[in-house]
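Quick notes on the structure that follows.
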2 protein chains.
Amino acid sequence: MTFPDPPAAHIRTYNFRMRKHVLLYGLLGGVLIAGLKFIEYRWLVVEYSVEIYGGLVAAVFASAGIWLGVRLTRRTRQTETVVVREVVVAAPTKFVCDQQKLVSLGITPREREILGLIAEGLSNKEIAARVFVSENTVKTHSSRVFDKLGARRRTQAVQLAKEFRLIP
Amino acid sequence: MTFPDPPAAHIRTYNFRMRKHVLLYGLLGGVLIAGLKFIEYRWLVVEYSVEIYGGLVAAVFASAGIWLGVRLTRRTRQTETVVVREVVVAAPTKFVCDQQKLVSLGITPREREILGLIAEGLSNKEIAARVFVSENTVKTHSSRVFDKLGARRRTQAVQLAKEFRLIP
DNA sequence: CGCAAAATCATCCTTTCGGGTGACGCGCGC
DNA sequence: GCGCGCGTCACCCGAAAGGATGATTTTGCG
């Protein structure tokens with residue numbers, strides 16, 4: 001029986017400890033009961049002895065209970081304290097398009113797509129074939145996106161798009 | 001009486017709650033004692049009644065103690081220390097031109113310079129003005145570098161040059 | 001539904017690019 | 001000196017790119 005992931009292992013440790021505590025607790029109770037029984041015969045029977053015994057038992061078990069309660073939660077506390085939040089500052093991994101910039105420039109998804117294909121070095125004709133539209137449509141899209149970017153050439157558009165983090 | 005900062009407010013709440021718990025605890029004990037006293041006179045006195053009462057008291061106070069112990073430490077759990085570990089993956093490294101690739105492709109310094117200016121989005125005319133040569137010269141350089149890179153368009157040349165690490 | 005934005009396609013025109021070719025000068029090494 | 005690489009410049013021509021404008025269809029949304 002294995003526990004591959006850390007959480008399961010933690011739970012197991014917890015249960016084991018709890019069981020140990022319960023056993024200890026029961027043993028303590030038994031000893032106390034025996035002690036009471038012993039005292040009942042040896043000691044003088046005074047008035048309110050039941051109340052005294054009861055209070056004694058209550059006090060002992062209460063402190064034991066508090067101790068146990070603290071003890072039980074301490075383990076939980078320990079696992080919760082080790083909260084390591086890894087904050088990745090600069091991830092060179094995946095490119096995320098700057099959506100804000102796209103919106104602020106008013107660039108539509110289609111235009112951004114054409115922009116990306118332009119950046120890949122494709123001609124208008126190749127782009128048209130790639131996205132299944134006429135070359136005129138590609139020219140319209142590119143013209144619009146150049147206008148929105150403030151570019152006069154496709155190379156300039158690519159440069160600006162990379163600066164604005166619109167394309168990888 | 002106000003508590004401006006959260007930490008002080010927490011501590012006070014803690015003490016207040018603790019006191020409240022102790023009071024509640026005492027009250028519960030008193031009620032139980034009274035209950036036991038009441039039962040002592042009304043119920044038939046059986047053998048081991050003391051043990052039964054003791055066990056009862058023990059059980060009640062033990063559970064109450066556990067509850068109290070958990071309750072007391074739960075507050076402490078709130079002040080868990082969150083370890084924020086910032087992991088810097090990769091700093092924006094300085095660009096170094098791949099000289100080997102440059103040589104293997106047979107690209108001359110002047111051609112590489114023109115290539116860089118093309119990548120910046122400049123037109124042939126602008127490049128010519130920048131490097132003080134005629135536009136025809138720029139065209140010759142660009143034509144040559146396109147041929148060496150295997151590019152048919154300047155955008156494609158830029159793409160390939162970036163792949164080959166010839167330009168930033 | 002009706003409107004507006006987006007996407008589509010077209011036409012005309014100008015500019016830019018890219019390919020091809022040829023030529024000239026300069027420095028360097030054989 | 002001669003060849004060679006490099007940089008320079010010129011001309012021509014076709015292709016590609018870019019600008020301007022208009023129109024139609026599709027689509028998302030109140």
Side-chain angles (χ1 to χ4, degrees), chain A residues 97-164 166-167, chain B residues 97-164 166-167:
Chain A
C97 177
D98 190 341
Q99 297 292 336
Q100 265 69 34
K101 199 76 190 175
L102 272 180
V103 173
S104 69
L105 289 174
I107 294 174
T108 68
R110 195 59 156 173
E111 284 164 357
R112 201 211 72 89
E113 185 184 1
I114 302 297
L115 187 58
L117 294 172
I118 286 174
E120 287 184 19
L122 277 65
S123 70
N124 288 340
K125 192 172 295 203
E126 287 168 340
I127 294 172
R130 182 79 72 90
V131 297
F132 303 109
V133 292
S134 82
E135 192 183 338
N136 288 312
T137 306
V138 175
K139 289 177 72 176
T140 309
H141 283 313
S142 59
S143 282
R144 281 205 230 280
V145 83
F146 291 169
D147 194 41
K148 288 169 183 175
L149 282 171
R152 303 179 62 78
R153 283 164 294 282
R154 40 177 59 212
T155 48
Q156 195 180 2
V158 170
Q159 163 77 3
L160 291 169
K162 281 182 187 291
E163 257 182 39
F164 294 156
L166 305 180
I167 52 175
Chain B
C97 180
D98 190 342
Q99 298 292 336
Q100 265 70 32
K101 197 78 191 176
L102 223 48
V103 173
S104 69
L105 289 174
I107 294 174
T108 67
R110 196 60 156 171
E111 285 166 357
R112 203 212 70 91
E113 184 184 1
I114 302 298
L115 186 58
L117 294 172
I118 286 176
E120 286 183 21
L122 276 65
S123 70
N124 288 340
K125 190 172 295 201
E126 289 168 339
I127 294 171
R130 182 79 72 88
V131 296
F132 305 109
V133 292
S134 85
E135 191 184 338
N136 289 312
T137 306
V138 176
K139 287 178 71 176
T140 310
H141 284 312
S142 60
S143 281
R144 281 205 233 279
V145 82
F146 292 168
D147 193 42
K148 288 169 184 175
L149 282 171
R152 305 179 60 80
R153 283 163 294 279
R154 38 178 60 210
T155 49
Q156 194 180 2
V158 170
Q159 163 79 1
L160 291 169
K162 281 182 186 292
E163 258 182 38
F164 294 156
L166 304 182
I167 52 175

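Every chain is numbered from 1 and lettered A, B, ... according to where its sequence line falls, protein lines coming before strand lines.
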- Message: Within this structure, what is the OG-CD1 distance for the pair A:Ser143 and A:Ile114, rounded to the nearest 0.5 Å?
- Response: 11.5 Å
- By salt bridge (charged side-chain N to carboxylate O under 4.0 Å, His left out) - contacts of B:Glu120 (at least two apart): none
Quick test: give all pairs of protein nitrogen or oxygen and nucleotides 12-14 of chain D nitrogen or oxygen below 3.5 Å, distance rounded to 0.1 Å.
none

- Note on the structure: With sequence neighbours left out, the residues meeting salt bridge (charged side-chain N to carboxylate O under 4.0 Å, His left out) with B:Lys139 are none
- Message: Return a single string for nucleotides 22-29 of chain C, one symbol per nucleotide in 5' to 3' order, where B is base contact, S is sugar-phosphate-only contact and - is none, cutoff 4.0 angstrom on heavy atoms.
- Response: --------
Collect all protein-nucleotide pairs involving nucleotides 26-30 of chain D in which both atoms are nitrogen or oxygen and the distance is under 3.5 Å.
none

- Difference in axis direction between the ends of the helix from C:dC1-D:dG30 to C:dC30-D:dG1, five pairs, 10°: 50°
- Note on the structure: To the nearest 0.5 Å, atom CZ of B:Arg152 lies from atom CG of B:Leu160 at 12.5 Å
- List in numerical order all residues of residues 98-114 of chain A for which some heavy atom is under 4.0 Å away from an atom belonging to DNA chain C. A:Thr108, A:Pro109, A:Arg110
Donor-acceptor pairs under 3.5 angstrom involving side-chain atoms of residues 125-132 of chain A: please list them, not counting sequence neighbours.
from	atom 1	to	atom 2	distance (Å)
A:Glu126	OE1	A:Ser123	N	2.9
A:Glu126	OE1	B:Arg153	NH2	3.0
A:Glu126	OE2	B:Arg153	NH2	3.3

- Considering heavy-atom distances to DNA chain D, does A:Ser142 or B:Lys148 have its closest nucleotide positioned more toward the 5' end? B:Lys148
- Query: Would you say A:Lys148's side chain and A:Ile107's backbone share a donor-acceptor pair under 3.5 angstrom?
  - Reply: no
- Query: Which residues satisfy the salt bridge (charged side-chain N to carboxylate O under 4.0 Å, His left out) test with B:Arg112, sequence neighbours excluded?
  - Reply: none
- Task: For atom CD of A:Gln100, decide whether the heavy atoms of other residues, nucleotides or ligands shown that lie under 6.0 angstrom number more than 12.
- Result: no
- With sequence neighbours left out, the residues meeting salt bridge (charged side-chain N to carboxylate O under 4.0 Å, His left out) with A:Glu135 are none
- Heavy-atom closest pair (A:Gly121 atom, B:Thr155 atom, distance to 0.1 Å) is CA-OG1, 3.4 Å
- Could you tell me the separation between the CD1 atom of A:Ile118 and the P atom of D:dA16, rounded to a whole number of Å? 15 Å
- Query: Within a strict 4.5 Å, meaning less than it, do heavy atoms of the B:Leu115 and B:Glu111 side chains meet?
  - Reply: no
- Task: Please list, by residue number, the residues of residues 149-161 of chain A whose heavy atoms come closer than 4.0 Å to an atom of DNA chain D; answer none if no residue qualifies.
- Result: A:Arg152, A:Arg153, A:Arg154
- Message: To check you understand the geometry: which heavy-atom pair defines the closest contact between B:Asn124 and B:Ser142, and what is its length?
- Response: OD1-OG, 4.5 Å
- Query: Between residues 121-132 of chain B and DNA chain D, which residues have a heavy-atom gap below 4.0 Å?
  - Reply: none
- Base, sugar-phosphate alone, or nothing: which one does A:Ser134 contact when heavy atoms must sit under 4.0 Å apart? sugar-phosphate
- Task: Could you go through the side-chain contact (heavy atoms from CB on, under 4.5 Å) check for A:Thr137 and A:Arg110 one step at a time?
- Result: CA-CA 11 Å; A:Thr137 306; A:Arg110 195 59 156 173; over 6 Å; no
- Flag the pair A:Arg154 / A:Phe146 as yes when at least one side-chain heavy-atom distance between them is below 4.5 Å, and no otherwise. yes
- Verify the contact: side-chain N or O of A:His141 to OP1 or OP2 of C:dA7, cut-off strictly under 4.0 Å; return yes or no. no
- Message: Using a 3.5 Å distance criterion without hydrogens, assess whether the side chain of B:Ser104 forms a donor-acceptor pair with backbone atoms of B:Lys101.
- Response: yes
- Message: Could you check whether any side-chain heavy atom of B:Leu149 comes within less than 4.5 Å of a side-chain heavy atom of B:Leu166, counting everything from C-beta outward?
- Response: yes
- Item | Distance-minimising heavy-atom pair for B:Ile167 and B:Ala119 | CD1-CB, 3.5 Å
- Item | Minimum-distance pair of heavy atoms, taken over all atoms of A:Leu105 and A:Phe164 | CD1-CD1, 3.9 Å
- Query: Could you state the CG-P distance from B:Asp147 to C:dG20, rounded to the nearest angstrom?
  - Reply: 8 Å
- Search all heavy atoms of B:Cys97 against all heavy atoms of B:Leu102 and return the closest pair with its distance. SG-CD2, 3.8 Å
